[in-house]
2 protein chains.
Amino acid sequence: MTRTPTVYDVAHAAGVSTATVSYTFRNPSRVKESTRELVLDVAQRLGYVPNASARNLARGRTGVLGLFAYDFLWDAPDRRIPAGGVLPESHELTGEPYDEFRLFPVYLDEVQRGFELECWRRGFEIIISGRQGAVEDSAISELAGRVDGLAVFPRRVARPTLQHIARRIPVVELASRGDTDTCSRIDIDNADGVAQLIEHLHGKHGHRTFRFVAADDNADSDTRHLAFAAEITRLGLVALPALRQSPKLAEELAALQGTGALPDALVCASDQVALETLDILHRLGIRVPGDVAITGFDGILAGATSQPRITTVRQPMSEIGRLAADLLIARSADAEIPNETIVLAIRLLVRESCGCTPA
Amino acid sequence: MTRTPTVYDVAHAAGVSTATVSYTFRNPSRVKESTRELVLDVAQRLGYVPNASARNLARGRTGVLGLFAYDFLWDAPDRRIPAGGVLPESHELTGEPYDEFRLFPVYLDEVQRGFELECWRRGFEIIISGRQGAVEDSAISELAGRVDGLAVFPRRVARPTLQHIARRIPVVELASRGDTDTCSRIDIDNADGVAQLIEHLHGKHGHRTFRFVAADDNADSDTRHLAFAAEITRLGLVALPALRQSPKLAEELAALQGTGALPDALVCASDQVALETLDILHRLGIRVPGDVAITGFDGILAGATSQPRITTVRQPMSEIGRLAADLLIARSADAEIPNETIVLAIRLLVRESCGCTPA
DNA sequence: CTGAAAGCGCTAACAT
DNA sequence: ATGTTAGCGCTTTCAG
């Protein structure tokens, strides 16, 4: 096997300089047509493929944006996406554990999609990186060295690491966290979402007792919980402690059922939490929304195919991804552009789990 | 804004050589602990992030695998994923056209997922690249220069281009095409799948007239159509010309309905075709499976949530992605490993669109 | 319109 | 255990 051809080989074979070869590919109009054709011909014949590492090094940028995702499966391998009964056992699986968890796209998938499309539209490539559990600094730093800008989901990367990276390339955090100005941030109006949900449950359905169901170790969940508490207080209702998505959630709900202490409504931190809760309630024989109303947050697909369908707040997920890419591209081209925080509006999606009837 | 720090800066500030800095990051055990700590400290203070382009150039490899995907939306912007009636209008959309098409994951998404997970597990990063419509050679060649191996979906990239690239890095094509040994190939047993479907429709339900519904410009569709024709012939049944997924499919089906010439069963090239066909039949008032049976191919999620659920053949999609990554990693490490074609087994998924009753 | 040549930042022999 | 140094392949300024 011969050495892979370089600009030198092409230049030599074509009887031109390496500069001309380079221009032929990067700036064709600078090269006389006949020369250009010659070079392309030779390149073709030799099997020349430009080496991006060399180019990026010379240019000082990569044309790649990174998305540091995660897979919640890895963190919670024994937790399934509850799909409100529609998850079909006959949707044959390959036997790999993750295969059965990720039938439905989740929040992250939809954000990723928006990010991808915007990158491609703008001529950027995209590295999707993911790690299991706690992220070692080296992994993320490794990734940072490969890209012109980086989008990360919160709570995945230690803050000092993020600050370190943000000194070198633009970084945008997706979703809430609140402090610092290390990086840009794209967030949604969580408080408004929660307020609209409660307003609907309270004003429209007359519900008076609420419990929040929190997700584990999740910044968004915390934000929404705070908003929930504030809203409950504002309405002069009784603030009860939050329930928590965990292996013990089923027990807790069973206990509430036993003592007749079920609230009127369960406001869940996310659609995924809502779906899991729904599943548990089903198993306990508690009817939704008959015995208890339930709401989610996000607007993922699974919540629209469950039984009943989940009343929720829709995030503009792909728009979040799109904006993230947009912002990174701008800042990577001009370091003077300051970090910014964008807060996107949400929208209440009234379906059936709150007690409304299907249209 | 100061210049971004390099190994030289770190080495200088720490009073060591660049080699020591490099070793500290790449081969820590080669460096005395105290030195290592010193270097890491200085690097931290300076905000040093290793430049991957330089490293890759020096090393001669990138640690990145590419997946050249596509988005069928771009090619057919006016064609929706029909979801058998479950696609909820209230699943609020952002207004961007693609947003409403891609609610359900498709074949490609699931393959991609397997690819990603395997890459991450093996310590590779992954570049997902996509283009609209016909792919210019430069785009794919561009990508090829960035990665150690490339997986492509068929019919997206001109064959000469693929051959050109395959001279430099390992390439694997996902799904059927058949000719050449330019690249490796991962395929499924399409013939077996089609045979099992027809066997079921014929043997179990006694159907005798079949029409194939082909997808446009799709290698898999062609392969399955051939297998379909062969099987029909083998059983001594009447071979009728294929229908074709297109804006005119509705007319054609209506015509068949009008003349009482509907077949017993429609064997569709994919689940997506089946879902679209199902949608059309619905609108024509033709009952499925009452008036006509229908089958799909792939095993995507949308086919499991439609009404009725689609009887289909399940491809091990994430396994396809996983194997692709596996194969590329092996070949990128050892150019002596020859190309190979892997054919994976499929599995019949009997649901309701064939006429069976729900379990 | 084309060529010469100086980097880009890092790695990995090889030397000490 | 650490330092020296020659590349890795391409881009781009400056000359011609």
Side-chain angles (χ1 to χ4, degrees), chain A residues 2-40 42-43 46-64 138 141-142 144-148 168-169, chain B residues 2-40 42-43 46-64 138 141-142 144-148 168-169:
Chain A
T2 58
R3 205 170 50 75
T4 68
T6 71
V7 266
Y8 297 106
D9 302 317
V10 177
H12 181 82
V16 299
S17 74
T18 61
T20 301
V21 176
S22 181
Y23 287 135
T24 299
F25 285 97
R26 306 291 154 225
N27 207 344
S29 61
R30 255 192 84 156
V31 181
K32 204 203 319 175
E33 180 164 351
S34 60
T35 318
R36 193 195 319 153
E37 279 171 4
L38 170 65
V39 171
L40 287 175
V42 172
L46 261 43
Y48 171 70
V49 175
N51 178 319
S53 301
R55 176 152 56 91
N56 296 340
L57 177 58
R59 281 189 169 170
R61 56 204 163 72
T62 65
V64 180
S138 61
S141 180
E142 194 78 343
R146 297 179 182 277
V147 297
D148 292 339
R168 197 171 190 283
I169 55 172
Chain B
T2 58
R3 205 170 51 74
T4 68
T6 71
V7 267
Y8 298 106
D9 302 316
V10 177
H12 181 81
V16 300
S17 73
T18 61
T20 301
V21 176
S22 181
Y23 287 136
T24 298
F25 285 97
R26 305 291 155 224
N27 207 344
S29 60
R30 256 192 84 156
V31 180
K32 205 204 318 176
E33 181 166 349
S34 60
T35 317
R36 193 194 317 152
E37 280 170 3
L38 171 65
V39 171
L40 288 175
V42 172
L46 261 45
Y48 170 70
V49 175
N51 177 318
S53 301
R55 176 152 57 91
N56 296 340
L57 177 57
R59 280 191 170 169
R61 54 204 166 73
T62 65
V64 180
S138 62
S141 181
E142 193 79 344
R146 297 178 182 278
V147 298
D148 292 339
R168 198 172 190 282
I169 55 171

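In what follows, every chain begins at residue 1, and chains take the letters A, B, ... in the order their sequences are listed. Values below: all heavy atoms of this structure, side chains included; hydrogens, waters and symmetry mates excluded.
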Quiz item: Among residues 51-61 of chain A, which contact DNA chain C at a heavy-atom distance under 4.0 Å?
Solution: A:Leu57, A:Ala58

Quiz item: Would you say B:Tyr48 reaches C:dC10's phosphate, i.e. side-chain N/O to OP1/OP2 under 4.0 Å?
Solution: yes

Quiz prompt | First of B:Pro50 and A:Ser34 reached from the 5' end of DNA chain C, by closest nucleotide | solution = A:Ser34

Quiz item: Which ones in residues 9-17 of chain B lie close to DNA chain D, meaning a heavy atom under 4.0 Å from one of its atoms?
Solution: B:Gly15, B:Val16, B:Ser17

Self-check item: Between P of C:dC8 and CZ of A:Arg26, the distance in whole Å
Solution: 20 Å

Quiz item: Which is true for B:Phe25 with a 4.0 Å heavy-atom rule: it touches a base, it touches only sugar-phosphate, or it touches nothing?
Solution: nothing

Could you pull out every donor-acceptor pair under 3.5 Å between side chains of residues 27-38 of chain A and any protein atom, sequence neighbours left out?
| from | atom 1 | to | atom 2 | distance (Å) |
| --- | --- | --- | --- | --- |
| A:Arg30 | NH1 | A:Tyr23 | OH | 3.2 |
| A:Arg36 | NE | A:Pro28 | O | 3.4 |
| A:Arg36 | NH2 | A:Val31 | O | 3.4 |

Self-check item: Close side-chain approach of A:Val7 to A:Tyr48, heavy-atom, < 4.5 Å
Solution: yes

Self-check item: A:Arg36 CZ to C:dC1 P, straight-line distance once rounded to whole Å
Solution: 9 Å

Exercise. For B:Val21, report the nucleic acid contact type (base, sugar-phosphate, nothing); a contact means any heavy atom under 4.0 Å.
Key: nothing

Quiz item: For the atom pair CZ (A:Arg168) and CG (B:Leu46), what is the distance rounded to the nearest 0.5 Å?
Solution: 12.0 Å

Quiz item: Which pair of non-hydrogen atoms, one from A:Ser141 and one from B:Val49, has the smallest distance, and what is that distance?
Solution: O-CG1, 3.7 Å

Practice problem: Using the closest heavy atom to pick a nucleotide of DNA chain D for each, name whichever of B:Thr18 or B:Val31 lands nearer the 5' end. | Solution: B:Val31

Quiz item: So what does B:Arg30 touch, heavy atoms closer than 4.0 Å: a base, only the sugar-phosphate, or nothing?
Solution: base

Practice problem: Mind listing the closest non-hydrogen atom pair of A:Ile169 and A:Ala144 along with its distance? | Solution: CD1-O, 3.7 Å

Can you list, pair by pair, the side-chain donor-acceptor contacts under 3.5 Å of residues 50-58 of chain A, counting residues two or more places apart and other chains?
| from | atom 1 | to | atom 2 | distance (Å) |
| --- | --- | --- | --- | --- |
| A:Asn51 | OD1 | A:Ser53 | N | 2.7 |
| A:Asn51 | OD1 | A:Ala54 | N | 3.0 |
| A:Arg55 | NH2 | B:Glu142 | OE2 | 2.9 |
| A:Asn56 | ND2 | A:Ala52 | O | 3.1 |

Quiz item: Between C:dA13 atom P and B:Asn27 atom CG, what is the distance in whole Å?
Solution: 11 Å

Quiz item: Under 4.0 angstrom, heavy atoms only, what part of the nucleic acid is B:Thr20 near: base, sugar-phosphate, or nothing?
Solution: sugar-phosphate

Quiz prompt | Heavy-atom contact window of chain B on DNA chain D, given 5' to 3' at under 4.0 Å | solution = D:dA1 to D:dG9

Quiz prompt | A:Thr62: partners by side chain to side chain donor-acceptor pair (under 3.5 Å), with sequence neighbours left out | solution = A:Asp148

Self-check item: Distance, rounded to the nearest Å, where A:Glu33 contributes CD and C:dC1 contributes C1'
Solution: 14 Å

Quiz prompt | Min side-chain heavy-atom separation B:Phe25-B:Leu40 under 4.5 Å | solution = yes

Practice problem: Mark yes or no for whether B:Thr24, through its side chain, and B:Thr20, through its backbone, hold a donor-acceptor pair below 3.5 Å. | Solution: yes

